[in-house]
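Note sheet for the following structure.
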Amino acid sequence: MTEPTFATLVSRWYEENARDLPWRERGVSPWAILVSEVMLQQTPVVRVLPAWQAWLARWPDPAALAADTPAEAIRMWGRLGYPRRAVRLRDCAVAIVERHGGQVPDRLDQLLALPGIGTYTARAVAAFAYGQRHPVVDTNVRRVVCRAIAGEPDAGPTTRPADLVAAEELLPIAPADAALASAAFMELGAVICTARAPRCATCPVESVCAWRASGRTAPAGPTRRPQKYAGTDRQVRGLLLGVLREATSPVPRQRLDQVWADDVQRSRALAGLVTDGLVEPVGEASYRLVGDGPPLPVTLGG
DNA sequence: ATCCAGGGTA
DNA sequence: TACCCGGGAT
């Protein structure tokens with residue numbers, strides 16, 4: 001009798017302890033899974049839950065979203081954060097309609113070519129929606145593998161090719177088992193092997209964890225500098241977008257000027273929103289969410 | 001203050 | 001590689 005593999009231990013634990021999340025249910029469409037993965041980029045599960053339900057009730061397939069405006073996508077995004085994701089998700093829906101007949105593709109290269117779909121999300125969709133065998137590596141999986149296998153306290157800030165290899169080597173051969181194991185690794189990192197205060201006492205791989213065996217060494221040093229928010233352009237962008245989201249007609253710049261005192265920073269933030277395809281100027285001195293109303297007249301003669 | 005199911009760009 | 005990009009919860 002051989003010892004259960006690392007993936008087997010975590011998968012068994014997952015089957016008994018997984019959170020009851022709606023996008024994990026049987027029969028959830030690839031589109032619904034893709035939407036959940038995009039929303040979950042840098043946004044905690046509890047905040048995604050209601051937004052995911054509302055989004056799919058309104059746009060149950062890519063064609064429905066592709067037929068609507070970026071403005072409505074930005075509004076439905078609400079306060080999930082990083083609203084460029086809303087525009088990219090709509091761009092993604094358009095691309096799915098144009099390139100794949102409205103069906104979310106099942107090939108990794110085609111998924112990677114879609115707007116807003118990167119290394120993590122492409123493999124997550126291929127694995128969780130189509131049952132394929134790919135290493136699905138997010139911040140949780142990097143941390144779990146780094147600790148339990150390498151015995152180090154913290155993973156690097158970004159996913160490197162070596163991280164994909166390390167995770168792939170832990171996956172069972174059977175694709176369905178591999179997909180389950182990937183979900184289990186992520187769940188372990190989210191619920192047990194957390195960044196701050198890991199719950200080693202209830203961890204299913206506590207007995208084989210290299211990090212625990214080495215005495216749970218502390219992180220070497222402050223490798224990441226704290227990400228500020230207050231006072232940054234991001235906060236100003238959020239304030240500006242908040243006004244435009246609530247508006248039903250173009251907003252005069254004079255009204256936008258009231259959300260932030262610093263002229264230079266406010267102008268820079270507004271220009272950034274325009275560059276990012278979230279906001280568009282209307283006439284000489286008004287702004288609106290992109291596509292939020294009748295098409296703008298074509299400018300002639302420069 | 002720190003973290004969060006990352007992706008795009010220079 | 002480094003940096004930019006929201007916002008809420010702990």
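From a predicted model like this one, the values you see are computed outputs, not experimental measurements. Sequence lines set the chain letters: A, B, ... in the order given, protein chains first and strands last, and positions in each chain run from 1.
- Residue side chain A:R84 reaches the base of C:dC5 through a donor-acceptor N/O pair under 3.5 Å, judged by distance alone.
- Exactly one of A:V35, A:L34, A:L40 qualifies for a side-chain contact (heavy atoms from CB on, under 4.5 Å) with A:V38. That residue is A:L34.
- The residue A:A195 sits close only to the backbone: its heavy atoms come under 4.0 Å of sugar-phosphate atoms, none of a base.
- Under 4.0 angstrom from either OP1 or OP2 of B:dG7 there lies at least one side-chain N or O belonging to A:T121.
- Remark: aromatic rings of A:W31 and A:W59 are distant, center separation not under 6.0 Å.
- As judged by a 4.0 angstrom heavy-atom cut-off over every strand, A:L21 is placed among the base-contacting residues.
- Considering only side-chain N and O atoms, A:Y229 lies nowhere under 4.0 angstrom from the phosphate OP1 or OP2 of C:dG6.
- The shortest distance between the side-chain N/O atoms of A:R143 and the OP1/OP2 oxygens of B:dC4 is below 4.0 Å.
- At the heavy-atom level, A:R19 lies under 4.0 Å from base atoms of the strands shown.
- Between B:dA5 and A:Q41, no contact under 4.0 Å exists linking OP1 or OP2 to a side-chain N or O.
- No N or O donor and acceptor, one from the side chain of A:T232 and one from the base of C:dG6, sit under 3.5 Å apart.
- Here the rule is side-chain contact (heavy atoms from CB on, under 4.5 Å) with A:Y120, and of A:T159, A:V125, A:V136 only A:V136 fits it.
- Rounded to the nearest Å, the gap between the P atom of B:dG7 and that of C:dG8 is 23 Å.
- In this structure, A:L112 and A:S36 both approach DNA chain B, and ranking their closest nucleotides by distance from the 5' end singles out A:S36.
- At the phosphate of C:dG6, OP1 or OP2 sits under 4.0 Å from a side-chain N or O atom of A:R237.
- Side chains of A:R237 and A:D276 form a contact here, defined as non-hydrogen atoms less than 4.5 Å apart.
- A side-chain donor-acceptor contact under 3.5 Å links A:Q265 and A:W260.
- Nucleic acid contact for A:W77: none, since no nucleic acid atom lies under 4.0 Å from a heavy atom of the residue.
- Nucleic acid contact for A:T119: sugar-phosphate only, since backbone atoms but no base atoms lie under 4.0 Å from a heavy atom of the residue.
- Residue-level contact check: A:G81 touches the bases, meaning some heavy atom is under 4.0 Å from a base atom.
- Within the nucleic acid shown, A:I117 comes within 4.0 Å of sugar-phosphate atoms alone, with no base atom in reach, counting heavy atoms only.
- Judged by distance alone with a 3.5 Å cut-off, a donor-acceptor contact links the side chain of A:R47 to the base of C:dG7.
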